[in-house]
Protein chains: 2
Amino acid sequence: MAKTRREFERALEAAKSASTGQLLIRAARLFNERAVARGRTLRGLDLRPAHTAVFPHLSLEGTRMTTLAEKMGITKQAVGQIVAELERAEVLCRVPDPSDGRAKLVRFTAAGYRAVLDGMGVLREIENEFGAELGEALMARLKRDLTKLLAAFEGAAS
Amino acid sequence: MAKTRREFERALEAAKSASTGQLLIRAARLFNERAVARGRTLRGLDLRPAHTAVFPHLSLEGTRMTTLAEKMGITKQAVGQIVAELERAEVLCRVPDPSDGRAKLVRFTAAGYRAVLDGMGVLREIENEFGAELGEALMARLKRDLTKLLAAFEGAAS
DNA sequence: TCTATATGGTAAAGTTACTTTACTATATAG
DNA sequence: CTATATAGTAAAGTAACTTTACCATATAGA
């Protein structure tokens with residue numbers, strides 16, 4: 001039994017350091033909580049993380065729902081819900097795609113345009129704060145490594 | 001208007017690369033989806049990410065609910081719910097803390113003990129796969145950087 | 001010693017961010 | 001010109017929490 005116990009303790013220790021997944025989850029939550037809390041006070045629009053996740057994938061000409069869903073790695077129904085809320089908040093609008101009668105293009109409104117410009121500032125601000133504390137080099141490296149990790153994930157299914 | 005448009009395009013481009021938060025969210029989701037999918041097939045226990053998040057924080061002697069909540073960065077009520085499910089699945093058990101009549105200690109059952117040893121194998125397997133693809137150096141560095149980021153987050157509130 | 005307050009935990013309902021299942025409308029290939 | 005694929009919508013369900021409210025025990029101070 002003594003040997004088994006030691007084995008177990010080593011396993012637990014391994015779990016602690018091995019769980020990159022848990023590290024990612026916690027870091028993501030903390031980062032976004034801060035961004036949302038900060039951004040909320042900036043303008044009257046209370047945008048939650050799910051909303052801001054859309055913006056990086058929107059092109060100026062407009063982007064299809066299905067395209068958004070693919071890029072974001074969620075279902076198109078989920079995109080529909082998020083976009084609907086942003087439409088109600090008058091940040092985005094949906095216009096018919098002239099090249100396909102079924103499709104709709106999601107686009108910024110003038111107000112959304114201004115809000116997003118502000119939002120970028122908030123994000124940069126938060127990243128700069130961490131950069132100051134941890135070093136710009138670490139932040140840049142983290143971003144590069146995460147991008148590579150995502151590319152590898154996307155590359156191979158299951 | 002032309003100048004504003006260019007400005008906007010640059011802002012969007014910046015959003016794409018600047019959103020470390022979004023990178024973290026996506027990486028976390030993908031990583032854990034894979035781990036859960038893999039682990040589920042291993043044993044009959046269908047453990048979800050919320051469940052496995054508890055394990056790294058459990059000591060062999062038993063850990064208090066409040067301690068778990070603090071370490072995990074969630075409310076003690078949330079811990080209560082997760083532990084209740086794991087208790088029903090007979091992976092964990094709650095025993096009264098002899099040193100404090102209010103407190104309870106969360107501990108592994110014999111079955112949970114074995115399941116977690118298996119689970120460690122799955123996690124290591126997945127990390128090794130990415131290590132093989134991206135290089136062990138990148139994975140180790142990512143883990144170190146995330147740990148530092150979390151420490152910095154924890155250090156300063158808001 | 002007894003009251004005030006802090007701490008450990010539980011209970012129930014609400015919220016966020018999705019997914020699943022089930023459709024309708026338009027497009028395209030044969 | 002039917003058969004199937006694709007774009008999107010609708011409604012309900014689920015996971016992983018939080019908020020609000022509470023009870024039980026502990027402990028420090030009057």
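A, B, ... follow the sequence lines: proteins, then strands. Residue 1 opens every chain.
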Is [X] side chain donor-acceptor paired with the [N] base, going by distance under 3.5 Å alone?
{"X": "K76(B)", "N": "dG9(C)", "result": "yes"}
{"X": "Q81(A)", "N": "dT19(C)", "result": "yes"}
{"X": "E85(A)", "N": "dT16(C)", "result": "no"}

Length of the [atom1]-[atom2] vector between [X] and [N], whole Å:
{"X": "L86(B)", "N": "dC17(D)", "atom1": "CG", "atom2": "P", "value": "12 Å"}
{"X": "H51(A)", "N": "dT15(C)", "atom1": "NE2", "atom2": "P", "value": "15 Å"}
{"X": "E87(B)", "N": "dG9(C)", "atom1": "CD", "atom2": "C1'", "value": "13 Å"}
{"X": "M72(A)", "N": "dT19(C)", "atom1": "CE", "atom2": "C1'", "value": "14 Å"}
{"X": "D97(B)", "N": "dT7(C)", "atom1": "CG", "atom2": "C1'", "value": "13 Å"}
{"X": "R26(A)", "N": "dA16(D)", "atom1": "CZ", "atom2": "C1'", "value": "15 Å"}
{"X": "I74(B)", "N": "dT15(C)", "atom1": "CD1", "atom2": "P", "value": "20 Å"}
{"X": "K104(A)", "N": "dA27(C)", "atom1": "NZ", "atom2": "P", "value": "13 Å"}

Which nucleotide in [options] has an atom nearest any side-chain atom of [X]:
{"X": "R48(A)", "options": "dG8(C), dG8(D), dA17(C)", "answer": "dA17(C)"}
{"X": "R64(B)", "options": "dT19(C), dA16(D), dG9(C)", "answer": "dG9(C)"}
{"X": "R102(B)", "options": "dA6(C), dT18(D), dT19(C)", "answer": "dA6(C)"}

Sugar-phosphate, base or nothing in reach of [X], heavy atoms under 4.0 Å:
{"X": "A103(B)", "answer": "sugar-phosphate"}
{"X": "D100(A)", "answer": "sugar-phosphate"}
{"X": "T75(A)", "answer": "base"}

Residue from K104(A), R107(A), R64(A) passing salt bridge (Lys or Arg N to Asp or Glu O under 4.0 Å) with D97(A): R64(A)
Any I74(A) side-chain heavy atom under 4.5 Å of R29(B) side chain: yes
Heavy-atom check, side chain of L86(A) versus side chain of I82(A), under 4.5 Å: yes
Side-chain N or O of R29(A) closer than 4.0 Å to phosphate OP1/OP2 of dC17(D): yes
Contact under 4.0 Å: T66(A) side-chain N or O vs dT6(D) OP1/OP2: no
Parallel, tilted or perpendicular: rings of F31(A) and F130(A) (30°, 60°): parallel
Side-chain donor/acceptor of H57(A) to backbone N/O of V54(A), under 3.5 Å: no
Residue whose closest nucleotide on DNA chain C lies nearer the 5' end, Q77(B) versus E70(B): E70(B)
